[in-house]
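One structure is given below, encoded as C-alpha cells.
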There are 2 protein chains.
Amino acid sequence: MEKRGAEVSNKQIILRDYVTGFPKESDMLLSSPKVSLKVPRGSSAVLVKNLYLSCDPYMRIRMQKLDPPGYFDSYVPGSPLSGFAVAKVIDSSHEDFKEGDVVWGITTWEEFSLVTEPETLFKIKYTDLPLSYYTGVLGMPGLTAYAGFYEICSPKKGEYVFVSAASGAVGHLVGQFAKLKGCYVVGSAGSNEKVELLKNKFGFDGAFNYREEPDLDAALKRYFPQGIDIYFENVGGATLDAVLLNMRVHGRIAVCGMISQYNLDKPQGVHNLANLVFKRIRMEGFLVFDYYNKNIHRTFEEEVREYLKEGKIEYVEDTAYGLESAPAALVGLFTGRNVGKQVVALEHQ
Amino acid sequence: MEKRGAEVSNKQIILRDYVTGFPKESDMLLSSPKVSLKVPRGSSAVLVKNLYLSCDPYMRIRMQKLDPPGYFDSYVPGSPLSGFAVAKVIDSSHEDFKEGDVVWGITTWEEFSLVTEPETLFKIKYTDLPLSYYTGVLGMPGLTAYAGFYEICSPKKGEYVFVSAASGAVGHLVGQFAKLKGCYVVGSAGSNEKVELLKNKFGFDGAFNYREEPDLDAALKRYFPQGIDIYFENVGGATLDAVLLNMRVHGRIAVCGMISQYNLDKPQGVHNLANLVFKRIRMEGFLVFDYYNKNIHRTFEEEVREYLKEGKIEYVEDTAYGLESAPAALVGLFTGRNVGKQVVALEHQ
C-alpha cells in the first residue's frame, strides 16, 4: 500500500522525438522523476497507480508530428506517452472516485498518474474477471469490435465475413462475434502460429498467413468463391484493394484502422474504389469514442461478460512485465510480434 | 408516321472493337441494315422509334472487355451500342404498351429498336415538359441525383456540400437540390464557361475550374475553410484524395461515379483513406437501378416536375442532332466538351 502524501520515484516512458517510419525501442527512454502521492489541493484530479498498460496501434499516429493536428494530438517529445490503462485510485479530489476504486481509461505511461480530467475514466464495477481484460476484451478494443461489427457492419446470419489483422486485440473478437451471429468467417494474420490460433482457438472457418500469399486477390477468391459481404478493415493498403475486387453487391466495409499504413511516409494508393459504385458498397470509418457511455456500451459489457464466463468467447493476452518492457511491447505491434492483446503488467495482482 | 410492317433501312451506331484509353469517334461506325416495322409474331416485344439518345459516362465501361463481367455487360464488337433513350411505340405485342405510347429506358443506338424485354421501359405519363428531359432531369440522371443526394448523403440544412463534375447531367441537379435544402454548395468543373454557369445559372455558392488548380487540397481549403460535410463523388482519383483531407467529422461521400478513372488502364491510387477512420466518414456507392419503381422514384418525379414548372430548378441540355452525330457526342463526355446533359435528338418534335 502506498503511503498517501509520500514522495516517491515514478518511472516513466518518455518519447525522445517524433517518430518516422517504424517505431524503435530507442525512440523511447526510461525516466524516474519524483512524484507526491497526493492530489494537489483545490484540484478535482484523481491520483492513480497504473496496473496494466495497453499497447494499441493508434499510438503510432500520436508518435509522429501531426500537422495540422487532426483527431489525435501528437505526443510531446521529452514527455511521457499516454494510453489506455487499468489503474487503482490512490487519492481523489473528485466526488465520483474514492481511494481503492479500480478504473480504466487514458493515463500516462508511468507508475503513478495524476488524472486531471477524471470524467474520462470508467469505474470498473465487477472484479470477477481479470482486471487486465479492461485493456482489451472488456475495454476499448472490445467495444471497438462490438460497435464496429454490430453497428457498422449490419451483419446478417449466414453472411460471409473477412477480418484482417484477425488475431489482434480487435480482430479476434470480431471473428468470434461473427461466428456467434451465424456468419462464415475468415481471417488473415502475419504468422502460421496466428493462423492456427484463429482456426483452432477462436473458431474461424478459415485463416491465412498474408505474408505467404503473393496474390491476395487469389487468396480471397480461394476462401470466398462466393464473395465477401462484410470486411472488417484493420490494415488498409494492398489488402483493401484485393478485398474491393471480392466484395459482393451491397457489401459493407467497417474501417476500424489501417495499421499497414501508419509507418509509411506516404500511404499506399488504393486503386479499386470504383467497385464501391458497381457493387453499391458502404465503407464506413468509426471510432470507439463515439460509443462510450451509450446504450451499446452497457449492452456490450453485459453481453461480453456473460460470453466470457460461459466460455463462448476465447480471449488471449500477450503480457509483458514491468514498465521497462513497455517500449518493446509497443514496437512489437508493428512487426506483428504479439499474439492477441498486448498488455504491459506493472504489478502482479 | 411509319407504316407498320414496312421494311425500311435502320441506321445504327456499331462498336468496331473493344476500346482502351479514351474512346474516339473512329471506335464507332454507322451501319444501315433493313428492319421490318413490325413485332415478330408470338413475341411479347415492343418496337419503338428512338427520339432522343442519352450519352452517359457509364457507357465507357461497357465499351471495354469486362473480364470477368461485373455489374455491367460489355458491348459486343460489331453490334450496335445501347443506352438510355426516349422513344415512341410503333408496334407492340405487350399488353402494357400500345402504339403511340412514349417511353424511356434502355434501347439500342439506332433509329428503330425492337425491345424484347419491355418491362424495362417506363411509360411517360406527362408530356407537358420536353420529352428529352426523360434522358436527363426526369430520367436516369435525375433520379441518380435525387436518390444519391437525399438517400445516401443524408443532408441537413446548413451543411457544406461539394460536387465534382458539377456541370454534368447529375452534378448540376445535385447542386440545385442541395441549395433547395439550404446547404452551402461548391462545384468543380473543367472550364471557365462551366464555372460561370454553375455560379450564375445553377446558383452554386462557389465553383472552380479544376484544370486551373495545381493544388486541389488548397482549392478546397479556400472554398471550405470549415471543411466539407457532404461530397457527391463523380470523378474519383486526385479529387477524392484532396476531398478526404478536407472532410469534416461524420461526413458522407456518395460515390456516384469515377469518370476520371474510366479511361485509365490502371486506376489512380487514393492515398488518404485513413481519414475515413479519424473523421468517421461514411463513403457509399450506389446505382440508380436500385431505386427504380420505388416510392422515391414517384416522389422524385412529382417533386422535380413541380420544381421545373415553377422555375426552381434550371436544366441545361447540350443537344447534338442526328444519329450520325452520336459518336462525337459520346466521345465529348470524356474530354468535358458537353455543357449540361448531352442528348442526341434523332428527330425534331
Side-chain angles (χ1 to χ4, degrees), chain A residues 57-58 61 66 68-72 144 147-148 151-152 221 227 233-238 240-241 244-245 247-262 264-291, chain B residues 57-58 61 66 68-72 144 147-148 151-152 221 227 233-238 240-241 244-245 247-262 264-291:
Chain A
Y58 83 90
I61 298 169
L66 294 167
Y71 182 80
F72 294 109
T144 300
E151 293 281 300
I152 308 289
K221 286 192 166 50
E233 162 71 300
N234 286 313
V235 302
L240 176 57
D241 242 350
L244 285 165
L245 297 175
M247 289 297 288
R248 302 179 91 183
V249 163
H250 294 301
R252 287 133 272 151
I253 299 176
V255 191
C256 177
M258 295 194 165
I259 194 174
S260 76
Q261 306 299 300
Y262 298 163
L264 305 177
D265 278 350
K266 179 175 172 131
Q268 285 179 289
V270 172
H271 301 271
N272 298 324
L273 287 169
N275 285 281
L276 295 182
V277 186
F278 310 143
K279 296 173 178 170
R280 297 88 107 194
I281 294 166
R282 170 163 57 82
M283 183 169 172
E284 190 165 354
F286 70 100
L287 285 174
V288 64
F289 315 112
D290 289 334
Y291 300 96
Chain B
Y58 83 90
I61 298 169
L66 294 167
Y71 184 79
F72 294 109
T144 300
E151 294 282 300
I152 308 288
K221 286 193 165 49
E233 163 69 302
N234 287 312
V235 302
L240 175 57
D241 241 349
L244 284 165
L245 297 174
M247 290 296 289
R248 301 179 91 184
V249 164
H250 294 300
R252 287 133 273 150
I253 299 177
V255 191
C256 176
M258 295 194 166
I259 195 174
S260 76
Q261 306 300 300
Y262 297 163
L264 305 178
D265 278 351
K266 178 173 172 135
Q268 288 178 286
V270 172
H271 301 271
N272 299 322
L273 287 168
N275 285 281
L276 296 181
V277 186
F278 310 141
K279 296 171 179 171
R280 296 89 107 193
I281 294 167
R282 170 163 58 82
M283 183 168 172
E284 189 165 355
F286 69 101
L287 284 175
V288 63
F289 315 112
D290 289 333
Y291 300 95

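Letters A, B, ... are given to chains in the order of the sequence lines, protein chains preceding strands, and every chain is numbered from 1. Note that these values count all heavy atoms, side chains included, but never hydrogens, waters or copies made by symmetry.
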Discussion item. Using side-chain heavy atoms (C-beta onward) and a distance below 4.5 Å, is B/Asn234 in contact with B/Ile259?
Written reply: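 In short, these two side chains do not touch, never coming nearer than 4.5 Å.
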If I compare all heavy atoms of [X] with all of [Y], which pair ends up nearest, and what's the gap?
{"X": "A/Gly237", "Y": "A/Ser260", "result": "N-OG, 4.2 Å"}
{"X": "B/Ala254", "Y": "B/Phe286", "result": "CB-CE2, 4.1 Å"}
{"X": "A/Ile281", "Y": "A/Met247", "result": "CD1-CB, 3.4 Å"}
{"X": "A/Gly269", "Y": "A/Asp241", "result": "O-OD2, 3.8 Å"}

Fill in: chain A interface, residue from B/His250, B/Lys279, B/Glu233 that has the most non-hydrogen pairs under 4.5 Å
B/His250
Discussion item. Heavy-atom pairs under 4.5 Å with chain A - which of B/Val249, B/Leu273, B/Val255 has more of them than the others?
Written reply: B/Leu273
Worksheet item: Could you walk me through whether B/Leu276 and A/Met283 pass the side-chain contact (heavy atoms from CB on, under 4.5 Å) check?
Response: CA-CA 8 Å; B/Leu276 296 181; A/Met283 183 169 172; 3.6 Å; yes
Go through the atoms of [X] and report whether side chain, backbone, both or neither lie under 4.5 Å from a heavy atom of chain A.
{"X": "B/Met258", "value": "side chain"}
{"X": "B/Lys266", "value": "side chain"}
{"X": "B/Ile152", "value": "neither"}

Report which part of [X] has an atom under 4.5 Å of a heavy atom belonging to chain B: side chain, backbone, both, or neither.
{"X": "A/Gln268", "result": "backbone"}
{"X": "A/Leu287", "result": "both"}
{"X": "A/Leu240", "result": "side chain"}
{"X": "A/Ile253", "result": "neither"}
{"X": "A/Asp290", "result": "side chain"}

Item to complete: Could you grab the distance from atom CZ of A/Arg248 to atom CZ of A/Arg280, nearest 0.5 Å is fine?
Response: 13.0 Å
Worksheet item: Got a second to check how far A/Phe278's CZ is from B/Leu66's CG, nearest 0.5 Å?
Response: 8.5 Å
Worksheet item: A/Cys256, A/Pro267, A/Ala274: which one forms the most heavy-atom pairs within less than 4.5 Å of chain B?
Response: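 If we count pairs closer than 4.5 Å to chain B, A/Pro267 comes out on top.
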